[in-house]
Amino acid sequence: MTPPDIPRFPDGAVVSARALSQRVTTADGELTILSDVDLAVAPGETLAITGASGSGKSTLLGLLAGLDRPSAGEIVLLGARLTDLDEDARARLRAGRVGFVFQSFQLLPALSALENILLPLELAGRRDARARAADWLARVGLAERASHTPRQLSGGEQQRVAIARAFATDPQIVFADEPTGNLDVDTGARIIDLLFELNARAGTTLVLVTHDDALASRCARRLHLAAGRVADRVPA
Amino acid sequence: MKLLRLGLWLLRRERASGEWRVLLLALVIGVGSVSTTGFLGDRFKRAMRDEGARFLGADLLVTSPRPVESWPAHRLIQSEALEFASMVSHGDTFQLTTVRAIDASYPARGTVKIAAQPFTPGTPSRALPPPGAVYVDQELLPLLGAQVGAQVQLGAAAFRIAGVVTEEPGQLGGVFGLAPRVFLRADEVAATRVLEPGSRVTYLYQFGGPPAALAAFTAALKPRLAPTQRLVGAREGIESLRGAFANTDRYIQLAALVSLLLAVAAIAIAAHRHALRHYDQAGLLRCMGATSGDLRTLYLIQLGTIGLVGSLAGIALGALLQTVLAHLLLPAAVARLPALGPAPLAAGVASGFVALAGASMPALLRLAQVPPLRVLRRDLPPLSGSAWASAGMSLVLLLGLTAWYAGEPKLVAIFVGALTGLALLLALLAQLALGLGRLVQRMSYGPLRFGLAQLLRHRFDSTLQLAAFTLALFLIALLALIRSDLVDGWRQQVPADAPNHFLVNIAPHQQQDVAAFLTRHHLAASELYPMVRGRLTTKNGQAIETTLPPEQTDASTLRRELNLSHTVTLPANNRIIAGQWFGDRRGAEISVETGMAERLGLALGDELGFAVGDQTLHATITSLRSVRWDSMQPNFFVIFAAGPLDDLPASYLAGVRIPDDATGVLPEFVRSFPGVTVLALDKLIAQVGTVFNQIIGAVQLLLGFLLAAGMAVVVATLLASLDARQQEAVLLRTLGAQRAYLAKGLLSEFVVLGLLAGLLAAASAEIAMALIAERLFDLPVKLHPWLWLALPAAGAALVGISGWLTTRHIVRVPPMQSIRALA
Ligand SMILES: Nc1ncnc2c1ncn2[C@@H]1O[C@H](COP(=O)(O)OP(=O)(O)OP(=O)(O)O)[C@@H](O)[C@H]1O
Ligand SMILES: [Mg+2]
């Protein structure tokens, strides 16, 4: 498979953030989750976001993917300034071009493994959807499990289906939030191998959140968060 | 297009999920119930509507108890007919019929269809039978055991049945088959010797012609009409009939509506749970790039599909069941009803969509607003307000649907009020019953204790389930009781020696002969009462209409002619309530039935005026009587003392008991006295009972929908608590509870629920029935032990089955798999 054409983005990054802050009001007053985060991820680059629990990793990931609006700062994703877009426009921007892998897999229980991969393809209106889905299922080594529902799959198998789903539309960027968080060490390692292998082959940009140093060290770059601030930047 | 595919695809994948099934099921039940009645009502209405003129057989109809001598000048087509009740016999079989003696120009408008065989289409033809022959309603043949071509006896003459009437103007009178019609040539009435002076006859004058001529004629005729004569235009004839029908129809529709309303409740609950379970899916789809508009379209497509499939299935069910209903209600007339019409189809689909959309859209559309961040932050609260939005919307919807079906604000208010009251009462009862359940729970152990604990924990659900099921069981039981108690009870109350035949229209000169005949055959008979027909016109010198109590606006007693009688001995089943019985005193005194006195505001000492023929009689009320109408004895509203009625033309009436084994007596009587009409009371009661049973049977069939809707509510509420139950079951099983224990626990929960519903329903039905029997029908109150067994058993079985089917897999799934599914 040839890597998709990577268009040139104005600032040369697939996703970038400047002076990003996220504050929420809770019962106990205002809470700052993120403050003053700057970052840029180049096409094909892999970035690990690390930090202690509650340090704001998932929040940052959600903002970068356009799932939420920041309180301050600016994000450019795939060449579009997210702050200028409303929720629906951001959704259209994501369609077919952004993939997700979650800690809790998030497969639809009523759909089979194959159909779960089919879902984003159908949503993006791809013509050869079924063939592509079958192809991706085979690539994650689950060709024989096509008709099984998530219930009938182990956690590792479910996450492999989720990875196939994330890559199936040939996205330009994949966001992963603790993809091994629910798996044992061995399975987790195999999932990571798969993730990086597929990513390398497709030349996709990968932003992943993790607790795991070993996993983080496999990424080209690492961004460490402490209490919502970027603590340091560790080149691989 | 893409969304259409995706929506249908996801729907197909999820069709096995409980919520869609409940949604669909509830929809089929709701639409099925309203379209069953809708279809039937529509067929009836169209049967009546087709054309006013065709229905009346004229553009204008004048009915009169006496011949009309002269008419205003006119150039209209005119036909004259007279109608009277008479016995027709074939061999030893007798049947009371309505004889219509017609001339060659009958009917003035429309056509009559005559067939050589009953229940065949028939060909348009003249209504006038050939000399020596009659045409009869097809219902008459089986009643007489006769066939076309057979000879029947009508009074003193014999006629050949030359054909059956399959379609005629004004056919609805015979629909219930109480007194099938016989068409006779007017010039052959004399030969039957049935009519004597004083015989009860209605003269029918039909007119047809251009509208202008009709209007002029009507204007000229109106001032000349006597109060007992009625002028019916084609339009108003239809309107009055349709109005009467529309009311009945509306009440049946309301009965069906209750099922639809329960279905709406089930839909709302199922949709709410569906939404709860699809937050993740919605969030995920938004992550993958679906806009909220996309999601809205997607869910609308799914809802629309369910709506369409459910409505169509409901309509198909309705179309099927209306046939059953039509056969139950009108076995004789089914063949005459027009085919299914398209109007109820639209109404069915509309109610289906309104119910589905109203009850489920608030929940489903909120799914489109799920923040995509939900996929990262599981702790995001489910959308607030959606439950209230659903409930509020459903409420508005229920009111809207009710208003639509009920038509008038007053009826809506009554219906909604009654329903709310009933719901509150049932909820209260359910709460009490659950309190009782707590007591039992304290004393029980093992699975039963566990099951009861579940029942009490889901208190809101349990109350809802209990109320829905109690309502269904209660209504069904009530109807069954009404059917068995009132009809049978009434029949049993009739004393063994009560008359089973009435001899009506005995001419004065036959009086002695009839009395002699009765003595000769040792028949127990009542006195021969004279009957004079007269109309109540004045009270204390004032026109009676102006003296009526304010609430008595439509006094049909006033328009009808009353049967006035006189006798010196107070009839056995009458009791003097006020004043004194006049006995053999002669003079202008009357005794009035109390009910009539109450309705018309009459009191002792009032002087009433009666129009009898062209004379006016005045008499003073000297006593008020209560009358046992169910005694089967001849009864009168107004009885005169000897004197005033003596010289007036009268016919006589007697009640007589003809033992079942005295088979030859009746034929001999009819041959000896051709003019006397014999009413077979027991047969008539049996026929009325049959009609009554048919109607109740039909309504009970509709209540079957209510039961099904109740089951849908149970399933929907159970589904809503399924996740929590599953979690609990998994926990219990990991802690060592055995499958059998869990299964017994679940089963005992539902069986107890069903038992409680059955008990509540039995209690409510007994109370309601006691009130009805005592207040309305004056029957002794009795208990129905079988009810206390049957209803709890039925409740336990039905709730047990629906509950078990919904929750059984909780027990079946191995804990490991459940844990994974819950993760
Ligand atoms: N909308 C919100 N309202 C209140 N608190 C919030 C909100 N969003 C995030 N938080 C809080 O901000 C903090 C950071 O959350 P976030 O999920 O980004 O942490 P994380 O680094 O991903 O942690 P973990 O490793 O446990 O997943 C947490 O304490 C979280 O409870
Ligand atoms: Mg996190």
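Every chain is numbered from 1 and lettered A, B, ... according to where its sequence line falls, protein lines coming before strand lines.
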CZ/Arg145(A): more than 12 non-hydrogen atoms of other groups inside 6.0 Å
yes
Could you report the tightest heavy-atom contact between Arg94(A) and Gly289(B), atom names first, then the distance?
CB-CA, 4.3 Å
Between Leu119(A) and chain B, which part of the residue has a heavy atom less than 4.5 Å away: side chain, backbone, both or neither?
both
CZ/Arg23(A): more than 12 non-hydrogen atoms of other groups inside 6.0 Å
yes
Measure across Gln106(A) and Leu284(B) and return the closest heavy-atom pair with its distance rounded to 0.1 Å.
O-CD2, 3.3 Å
Select one option (side chain, backbone, both, neither) describing which atoms of Arg165(A) are under 4.5 Å from chain B's heavy atoms.
side chain
Going by heavy atoms in the side chains, are Arg13(B) and Ser112(A) under 4.5 Å from each other?
no
Between Trp9(B) and Arg130(A), which heavy-atom pair has the shortest distance, and what is it?
NE1-NH2, 4.2 Å
Between Ala95(A), Ala91(A), Gly66(A), which shows the greatest number of heavy-atom pairs under 4.5 Å with chain B?
Ala91(A)
Rounded to the nearest 0.5 Å, what separates atom CG in Leu111(A) from atom CD in Gln281(B)?
7.5 Å
Spatial distance of atom CD (Glu122(A)) from atom CE (Met288(B)) [nearest 0.5 Å]:
12.0 Å
Out of Asp68(A), Asn182(A), Leu108(A), Leu123(A), return the one with the most heavy atom pairs under 4.5 angstrom to chain B.
Leu123(A)
Please report the shortest heavy-atom distance between Leu67(A) and Cys287(B), naming the atom on each side.
CD2-SG, 3.6 Å
So for Pro109(A), is it side chain, backbone, both, or neither that comes closer than 4.5 Å to the heavy atoms of chain B?
neither
Once you round to the nearest 0.5 Å, how far does OG of Ser104(A) lie from CG of Asp280(B)?
7.5 Å
Which bit of Glu178(A) comes within less than 4.5 Å of chain B, counting heavy atoms only: side chain, backbone, both or neither?
neither
Given a strict heavy-atom distance threshold of 4.5 Å, which part of Ala65(A) is in contact with chain B: side chain, backbone, both, or neither?
neither
Are there residues of residues 290-298 of chain B that reach to under 4.5 Å of chain A by heavy atoms, and which ones?
Ala290(B), Thr291(B), Ser292(B), Gly293(B)
